[in-house]
Amino acid sequence: MPGPVLEAGTDPVLSFEGVEVTYPARLGVGPFTAARDISFEVRPGEVLGLVGESGSGKTTLGRVAAGLIPVAQGRVVLSGTDLAEASRSRVRELRRDLAFVHQDPAASLDPRFTVADSIREPLDVHGVGDRRARNARVRELLEAVRLTPDLAERLPHQLSGGQRQRVALARALALAPKLLIADEPTSALDVSVQAEVLDLFERLQEELGFASIFISHDLAVVHRIAQRVVVLRAGEIVETGPVERVFADPRADYTRDLVAAVPEPKPAARPRRKRLVS
Ligand code: ADP
Ligand code: MG
């Protein structure tokens, strides 16, 4: 008897298998293991929330997922390829499918580049289309992140924090990544602007269908944005599951404390969107 038929294209976009990350010793400080035995996967079109207190290892895992820091143990598999075993050219190819949005939009934007230049740069680097096609794509991306065309020639310092983060998002989406790693993308913004940028993220994710690792110290934000959540503490996973379940019925004491600390009113249970994955 043949086994159950696996639908094509349901392989994870990314998986971590028993990942450990150790930062090398620095002057006067020994090596530090910032993540231990981390296993999870991100499926196509899924938003996975990575939540935990400051110092729990969220950024470390985001950087590992982006192939920016090596693992001491375990495997990181991107679109079926183990990053540690892939050739340089294959890694370069895989990187194209990945994008990263930082907490601080200033860190993703060159202060000397206009908005249009920043958004166009990944297209230039990868030689996508001719100049006309790239400029058309820039206009399309500006519109996608709801920025008016007149902002195209501005420099980052002439923009508000929220506008800068929209530009960073447009730049991240330029090459239509399969996976967007967003590291606390709204934490540095004013509360009212945070909500706008979260709305935008949610709409874009629905429209474009990219998978995402959405990192936040704020459980309420993750509840809203993600379908599944990984709860981290001191470099280890304490709990993982569908976000509704983890919120309604946390299994680990630590998660229970985090949920209890979410200010009232607790985020209302939203009707979940229909998804390819559950
Ligand atoms: P989070 O994003 O959850 O705040 P990080 O991943 O930034 O956590 O950091 C996790 C731990 O690793 C922290 O204790 C931090 O001090 C340590 N750490 C981060 N970067 C380095 C580094 N380059 N060298 C040594 N330790 C680091
Ligand atoms: Mg961080």
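Going from atom CG of Asn135 over to atom CZ of Arg120 covers 5.0 Å, rounded to the nearest 0.5 Å. Expressed to the nearest 0.5 Å, how far OH of Tyr254 lies from CZ of Arg233 amounts to 6.0 Å.
The pair Arg256-Glu239 does not meet the salt-bridge criterion, since no charged nitrogen lies less than 4.0 angstrom from a carboxylate oxygen. Taking a cutoff of 4.0 Å between a charged side-chain nitrogen and a carboxylate oxygen, Glu206 and Arg203 do not qualify as a salt bridge. Using a cutoff of 4.0 Å between basic side-chain nitrogens and carboxylate oxygens, Asp110 and Arg112 are scored as salt-bridged.
Under the 30°/60° scheme for interplanar angles, the aromatic rings of Phe16 and Phe40 are found to lie parallel.
In terms of hydrophobic clustering, with Ile, Leu, Val, Met, Phe, Trp and Tyr side chains grouped at heavy-atom distances under 4.5 Å, Phe201 and Ile181 are assigned to different clusters.
Side-chain contact of Ser192 with Asp190: a donor-acceptor pair under 3.5 Å is absent, judged by distance alone.
Val128 has its side chain out of reach of Arg137: every pair of non-hydrogen atoms, C-beta onward, lies at least 4.5 Å apart. Looking at heavy atoms from C-beta onward, Leu94 lies in side-chain contact with Arg90 at the 4.5 angstrom threshold. Residues Val29 and Tyr23 fail the side-chain proximity criterion, which asks for heavy atoms closer than 4.5 Å. Two residues are said to be in side-chain contact when any heavy atoms from C-beta on lie closer than 4.5 Å; Glu41 and Glu46 fail this criterion. Residues Val64 and Ile38 fail the side-chain proximity criterion, which asks for heavy atoms closer than 4.5 Å. Counting heavy atoms from C-beta outward, Val262 and Phe247 have side chains that approach closer than 4.5 Å.
When each of Glu184, Lys58, Glu53 is paired with His217, the side chain to side chain donor-acceptor pair (under 3.5 Å) condition holds for Glu184 and for no other.
Arg164 places a side-chain N or O within 3.5 Å of a backbone atom of Pro156 that can act as its donor or acceptor partner. In this structure, the side chain of Arg166 engages the main chain of Val145 through a donor-acceptor pair within 3.5 Å.
With sequence neighbours excluded, no residue forms a side chain to side chain donor-acceptor pair (under 3.5 Å) with Glu20.
Applying the salt bridge (charged side-chain N to carboxylate O under 4.0 Å, His left out) test to every pair with at least one member in residues 96-108, sequence neighbours left out, gives these pairs: Asp97-Lys178. Within the structure, salt bridge (charged side-chain N to carboxylate O under 4.0 Å, His left out) pairs that include any residue of residues 66-80 comprise Glu17-Arg75, Arg75-Asp82 (at least two apart or interchain).
Shown here is Glu143, whose CD atom has no more than 12 heavy atoms of other residues, nucleotides or ligands within 6.0 Å.
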